[in-house]
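Report on one structure; see the data block that follows.
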Amino acid sequence: MICMSALLMLAVSCKKDKNDEIENPGSGFRATVESHEGDSKTHLDGLAVKWDSGDEILVKSSTCPAPKHFATTGTGASANFGAAESLPTDFYTPNYTAYYPADLFDGNEIDLPYDQYYVGNTFANGANPMAATSSDNVLPFKNICGVLELQLYSEGPCYVNEIDITSDAGEQLWGHGTVTLTDGIPSLSMDPEDDQSYLWLYPEEEDAVALSTDPEAPTAFYFVVPAGTLGKSFTVTVYAEDWEYVWSKTANSTKNLIARSQITVMPLLKVETHIDKNVGVKTIPGCFNCAYTFSGKVTIDGTGECEYGFVYAKTDEDAYPTIGSTGCNTLHVNTETISDDKDFTADIPNLEESTDYSYRAYCICDGEYYYGDPLVYSTPKPLPNDWVNGKNPHPFTVASGRVVYFSQGNLQYIGSTEEWKFAEHQFDVLGDNGQGSADANVDRDLFGWGTSGYAHGATCYQPWSASHLYSDYFAYGIGDKNLYDSPGTADWGYNAISNGGSGWRTLTNDEWYYLINSRPKADELYGEGKVGDCTLGLIILPDGWSWTGDVAPFEASWIPGESAWVNVYNYSEWAKMEAAGAVFLPAAGSRRVYHTIYNTIIKVESVGDTGCYWSSSARTVNTSNPAHPYQYAYFLIFSKDAVNPSKDQTGNRDYGFSVRLVHP
């Protein structure tokens with residue numbers, strides 16, 4: 001069991017000492033409370049909720065809109081309220097608007113607390129916010145919120161010090177809101193905030209609450225919550241008197257919504273005080289290679305046979321999908337006995353293009369349902385209509401008086417059909433998709449220098465070549481030749497591209513440097529970023545770029561474990577940027593060939609962390625190793641920490657790097 005430290009309690013009502021006298025006893029208001037037949041917020045098991053001596057209300061009058069405090073001089077279903085200080089006579093001029101409890105309100109704005117107090121058979125004084133409007137001195141207060149009633153029992157002794165409820169749909173249960181009165185009926189509009197989907201309930205005194213052991217007479221716990229919330233499932237968590245976690249369970253609402261001034265009674269729940277296992281489910285953000293492949297994790301303390309997988313739906317149909325809910329799909333991954341952590345992935349099939357999907361990992365263990373947090377995946381949008389034959393129509397200056405147009409994605413070689421093509425999306429990478437081999441039939445997007453597929457004189461000229469000797473990659477068989485030297489067949493752009501036609505080439509080292517470092521406002525026209533759920537990369541903006549009002553400019557955004565400086569754009573934002581010409585170079589990693597006296601090992605490394613893009617320029621001077629002056633070629637490199645626009649960045653020619661072609 002895990003011991004939880006005590007949490008700070010916020011007062012839910014402001015009480016005055018009962019001996020305090022109120023000035024102007026002849027002036028003031030008489031207040032009533034809303035009542036209903038049967039169970040309601042003001043009638044719990046036959047016990048009416050009454051005013052308590054010292055309760056305070058805020059009152060505004062038509063002649064004095066600034067709220068004034070009034071306090072009770074008595075108790076009961078109705079009570080007299082008087083001002084604690086002398087007020088102008090004309091304050092007592094209709095109309096009036098009033099709010100209770102005073103300490104939660106600033107005018108008609110309310111701050112609902114994240115913790116409440118337990119009182120047997122009812123709820124704590126001040127936990128029930130109300131509002132009233134009147135044309136005379138009688139204020140008919142009506143309840144603003146609704147109530148959730150939990151019915152708990154245990155088989156053996158169980159003393160409870162805290163009960164939490166957490167909305168599985170992320171619905172807001174506390175925070176700042178505004179109360180509006182229409183024909184005397186109040187409604188509450190909450191300001192949307194993240195991480196306010198939970199409530200804590202404590203005993204009002206220090207003594208823990210003993211749970212009933214009789215299922216016919218369970219212990220009732222009442223949570224005051226905004227109307228309309230908890231329309232889906234929620235999680236109940238119980239802590240014992242020593243703050244030790246003892247039990248957690250997902251509960252399903254019996255009604256679709258919490259109604260104002262009414263009680264939603266939940267089915268009976270049995271608190272298991274001696275649990276053998278604790279099951280947790282996590283939905284892991286991100287997708288693999290930008291395919292529709294998602295990841296999850298099940299953690300279990302103990303052993304159990306568990307089914308696990310994913311449940312998903314279109315976000316506009318159900319943002320918090322659960323098994324069996326309308327419009328949701330379940331993707332079963334496996335059923336097995338689990339005794340530790342279990343990581344799993346699955347491809348989500350048949351997703352529509354340009355659509356937002358909500359998905360979450362799930363686990364069914366011993367008949368109990370568990371869910372990870374819901375995440376949203378936006379499927380990519382098609383390329384803009386004016387990107388004809390794979391060409392971005394927006395110019396990028398790469399030298400004084402010289403512009404180029406980038407291809408729609410990184411270059412790929414499709415082994416099964418022996419064709420060259422551009423990736424369908426700019427952020428597509430193949431990763432370790434068999435590229436850690438010299439198999440000619442494997443699809444590739446990492447190439448040794450000059451491996452265009454033409455026999456231009458190099459020993460290694462095929463896209464699948466994997467020698468560890470840099471000299472096998474000499475363009476035209478000569479160490480100081482560049483890819484663009486005559487006849488140009490060493491450049492990958494010499495090939496016909498299946499979805500891009502002909503006329504392409506690889507940027508020179510000077511052009512890469514000018515593009516990143518020297519063109520006008522160059523430092524404002526690139527930044528590391530992330531698009532959708534896909535890999536990190538380098539975003540390069542075309543000449544004359546202007547940010548639109550609904551897409552945020554480059555800035556520092558912290559994503560733990562991914563990058564210290566990254567600009568994150570969803571697919572809708574990226575579609576607008578792409579239509580305006582933005583280029584994305586994904587961090588596709590690199591391929592290395594390791595040779596030992598025993599064997600040769602080929603590895604794909606740093607996918608998602610590092611981007612390396614070949615230039616067409618050979619390095620003809622190597623001061624660090626004069627015996628091998630032609631070992632290197634120039635390339636652009638960026639990582640999760642920085643972009644290196646150095647003109648002197650070189651790599652061994654046998655390395656497998658990315659290629660992004662330009663036109664002309």
Side-chain angles (χ1 to χ4, degrees), residues 1-4 150-156 158 160-171 195 197-200 211 221 230 232-240 242-253 266-286 294-313 318-325 328-346 348 358-375:
M1 298 297 180
I2 300 173
C3 183
M4 179 178 180
L150 294 181
Q151 300 184 86
L152 305 182
Y153 79 101
S154 61
E155 287 188 341
C158 182
V160 174
N161 207 32
E162 178 187 340
I163 295 180
D164 302 347
I165 59 171
T166 304
S167 166
D168 293 338
E171 295 153 314
D195 299 326
S197 58
Y198 55 88
L199 284 178
W200 301 329
L211 286 187
F221 296 86
L230 292 172
K232 298 282 185 178
S233 61
F234 60 94
T235 299
V236 180
T237 306
V238 175
Y239 294 89
D242 56 359
W243 296 100
E244 184 179 13
Y245 161 83
V246 295
W247 183 78
S248 181
K249 183 178 179 66
T250 298
N252 292 303
S253 302
M266 294 300 300
L268 187 66
L269 294 176
K270 176 184 175 182
V271 176
E272 303 284 351
T273 56
H274 299 287
I275 58 174
D276 295 324
K277 56 183 169 289
N278 176 28
V279 179
V281 182
K282 182 178 182 181
T283 314
I284 300 174
F294 301 106
S295 302
K297 171 180 280 190
V298 175
T299 59
I300 183 169
D301 180 13
T303 301
E305 185 175 77
C306 302
E307 172 191 326
Y308 54 87
F310 297 92
V311 61
Y312 61 99
D318 193 341
Y320 303 91
T322 55
I323 293 175
S325 58
C328 295
N329 301 279
T330 303
L331 186 66
H332 175 259
V333 176
N334 200 4
T335 300
E336 61 180 317
T337 298
I338 300 174
S339 59
D340 202 350
D341 295 355
K342 180 68 179 182
D343 295 293
F344 57 93
T345 61
I348 308 293
S358 293
Y359 68 100
R360 62 203 309 192
Y362 79 88
C363 175
I364 306 174
C365 197
D366 292 344
E368 296 289 344
Y369 287 70
Y370 304 88
Y371 295 95
D373 291 334
L375 301 176

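The figures that follow rest on heavy atoms only: side chains count, while hydrogens, waters and symmetry mates do not.
Crowding of D373 atom CG: a count of heavy atoms from other residues, nucleotides or ligands under 6.0 Å not exceeding 12.
Using modelled atom types, one finds no donor on one side chain facing an acceptor on the other under 3.5 Å when comparing D343 with S295.
Checking V236, T237, V271 one by one against I163, the side chain to side chain contact (heavy atoms under 4.5 Å, CB included) holds for a single residue, V236.
Nearest heavy atom pair, residue L375 against residue I284, reads CD1-C, 4.0 Å. Taking each heavy atom of A319 and P374 in turn, the nearest pair found is O-CB, 3.7 Å. Scanning all heavy atoms of the two residues, the minimum distance from A346 to L331 falls at CB-CD2, 3.6 Å. What you find for D340 and I300 is that their closest heavy atoms are O-CG2, 3.3 Å. The heavy-atom pair separating S358 from P321 by the smallest distance is O-CG, 3.7 Å. Residues T322 and C328 share a closest heavy-atom pair of O-CB, 3.8 Å.
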Evaluate the criterion side chain to side chain contact (heavy atoms under 4.5 Å, CB included) for residue pair D168 and Y320; output intermediate values, then yes/no. CA-CA 8 Å; D168 293 338; Y320 303 91; over 6 Å; no

Tell me, with the steps shown, if Y371 and V281 meet side chain to side chain contact (heavy atoms under 4.5 Å, CB included). CA-CA 6 Å; Y371 295 95; V281 182; 5.9 Å; no

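Residues that satisfy the ring pair (Phe, Tyr, Trp, His ring centres under 6.0 Å) test with F344, not counting sequence neighbours, are Y308, F310.
To the nearest 0.5 Å, atom OH of residue Y362 and atom OG1 of residue T330 are 6.0 Å apart. Atoms NE2 and CD1, from H332 and I323 in turn, are 9.5 Å apart once rounded to the nearest 0.5 Å. The structure places CG of D164 at 5.5 Å from OH of Y239, a figure rounded to the nearest 0.5 Å. Considering NZ of K282 and OG1 of T299, their distance stands at 10.0 Å, rounded to 0.5 Å. To the nearest 0.5 angstrom, W200 atom CH2 is 9.5 Å from T166 atom OG1. Taking CG from L152 and CE from M266, the interatomic distance works out to 10.5 Å, rounded to the nearest 0.5 Å.
The shortest side-chain heavy-atom distance between L150 and I165 falls under the 4.5 Å cut-off.
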